[in-house]
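Worksheet: the structure to be examined is printed underneath.
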Amino acid sequence: MKFLAAKNGIQCRTLTLKPKPNMDDMKKGGKSYGMLSLFSPRPLMIRTLVMGFVWFTSSFVYYGLTMNAGSLSSDRFTSLALIGLVEIPALLLCGVIITQPWAGRKRSLIGSLLVAGVSCAGVMFTDTTEAVSGPKDDSADDTNDTGAWSTKLVLALIGKLAIAFAFATIYIYASELFPTVVRNVGMGSSSVCARIGGILAPLVPTLATISPPLPFVVFGACCFIAVCTCFAIPETLNCQIPDTIEDLTATTSKTSGYKRVGMLEGGEEVDLHNDKARLLHDDTSV
């Protein structure tokens, strides 16, 4: 602990560890948390609704692009293989980018959803007559449409990479947004929203009977709406995660994020959001 304190620029000689109350103590005190607890304070309700829609959108677009892969090229086997392989660089990039201070969780999620939306919009504005219903049997038409098929496939691959990036990000981001006492409930409700998106995804290609670009209109619109909702939630990278709902409502900062604080033995809080801040007392409680 002293080594960690020294690495964080905190000078102290004595460390006093104070255990936090466990869940059994909270239950004995009459506190219980359920699904309705996610909607009681306004900040938690906003995070619950935003995460629910973002999870829905990620699953909806992810499975929608995957199931529509066979219609994006004349060679459906190659298209399906590329749609699956593109997830590997997406996961590798996610593990690197979301830990960078200039990106974090929030900007990474917004950027990936925005790229996915733009990619779906790009497919929508190309000739999508065969992108959903499949290639025609006329060999002459196939020869003339080779460039168009390549454009559609590249845009779809970029969209799949971006939405896979977003899907991997929300697992970490959501677990840091919800307080400890309702984290399981919050993650469970978000996962339910994702499963609803996965159920509806296979039905979207049938909209091509109305208008060929319509499936990509739906995918792109969901991504753009999800981007707008993400601005209502704070960044969580290198920030203190709340343990209780009371901690969430009491925690405020100028950046609408969490507040990094240190506690002196006398009860005085010292803001550690600035890396230059230091504790000026020898006896520190952690």
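Small disclaimer: the values here were computed from a predicted structure and weren't measured.
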Shared hydrophobic cluster for [X] and [Y] (ILVMFWY, side-chain gaps under 4.5 Å):
{"X": "Ile83", "Y": "Leu91", "answer": "no"}
{"X": "Leu49", "Y": "Phe231", "answer": "yes"}
{"X": "Ile199", "Y": "Phe53", "answer": "no"}
{"X": "Leu92", "Y": "Leu157", "answer": "no"}
{"X": "Leu80", "Y": "Leu65", "answer": "no"}

Would you confirm whether [X], through its side chain, and [Y], through its main-chain N or O, come within 3.5 Å as a donor-acceptor pair?
{"X": "Gln100", "Y": "Trp102", "result": "no"}
{"X": "Ser59", "Y": "Gly198", "result": "yes"}
{"X": "Thr249", "Y": "Glu246", "result": "yes"}

Value rounded to 0.5 Å, distance of [atom1] in [X] from [atom2] in [Y]:
{"X": "Ile245", "Y": "Tyr33", "atom1": "CD1", "atom2": "OH", "value": "5.5 Å"}
{"X": "Ser58", "Y": "Tyr63", "atom1": "OG", "atom2": "OH", "value": "11.0 Å"}
{"X": "Phe224", "Y": "Cys120", "atom1": "CZ", "atom2": "SG", "value": "8.0 Å"}
{"X": "Leu207", "Y": "Phe216", "atom1": "CG", "atom2": "CZ", "value": "11.5 Å"}
{"X": "Arg47", "Y": "Leu38", "atom1": "CZ", "atom2": "CG", "value": "12.0 Å"}
{"X": "Met45", "Y": "Ser40", "atom1": "CE", "atom2": "OG", "value": "9.5 Å"}

Minimum side-chain heavy-atom gap [X]-[Y] below 4.5 Å:
{"X": "Leu114", "Y": "Cys223", "answer": "no"}
{"X": "Thr180", "Y": "Pro242", "answer": "no"}
{"X": "Thr244", "Y": "Pro179", "answer": "no"}
{"X": "Ile196", "Y": "Leu200", "answer": "yes"}
{"X": "Pro89", "Y": "Leu161", "answer": "yes"}
{"X": "Phe178", "Y": "Asn184", "answer": "no"}
{"X": "Arg183", "Y": "Leu177", "answer": "no"}

State which residues pass side-chain hydrogen bond (donor to acceptor under 3.5 Å, both in side chains) with Ser191; sequence neighbours excluded, sorted by chain then number. Arg195
The criterion is side-chain hydrogen bond (donor to acceptor under 3.5 Å, both in side chains); which residues satisfy it with Tyr62, sequence neighbours excluded? Glu87
What heavy-atom pair brings [X] and [Y] nearest, and what distance separates the two atoms?
{"X": "Val96", "Y": "Thr99", "result": "O-OG1, 2.8 Å"}
{"X": "Met51", "Y": "Ala174", "result": "SD-CB, 3.6 Å"}
{"X": "Gly52", "Y": "Cys193", "result": "O-CB, 3.2 Å"}
{"X": "Ser189", "Y": "Met35", "result": "CB-CE, 3.5 Å"}
{"X": "Ala162", "Y": "Ala116", "result": "CB-N, 3.7 Å"}
{"X": "Ala156", "Y": "Val123", "result": "N-CG2, 4.2 Å"}

Ring geometry between Phe60 and Phe56 (parallel below 30°, tilted from 30 to 60°, perpendicular above 60°): parallel
Report the residue from [options] that forms a side-chain contact (heavy atoms from CB on, under 4.5 Å) with [X].
{"X": "Tyr173", "options": "Val54, Leu237, Leu109, Ile98", "result": "Leu109"}
{"X": "Phe165", "options": "Leu113, Ile97, Val115", "result": "Ile97"}
{"X": "Phe167", "options": "Ile163, Thr169, Ile170", "result": "Ile170"}
{"X": "Phe39", "options": "Thr48, Leu44, Ile46", "result": "Thr48"}

Residue Leu203 excluded, over 12 heavy atoms near CG under 6.0 Å: yes
Does the side chain to side chain contact (heavy atoms under 4.5 Å, CB included) test come out yes or no for Asp243 and Val181, once each step is laid out? CA-CA 6 Å; Asp243 292 325; Val181 294; 6.0 Å; no
Test: side chain to side chain donor-acceptor pair (under 3.5 Å). Region: residues 105-118. Which pairs qualify, not counting sequence neighbours? Arg105-Glu176
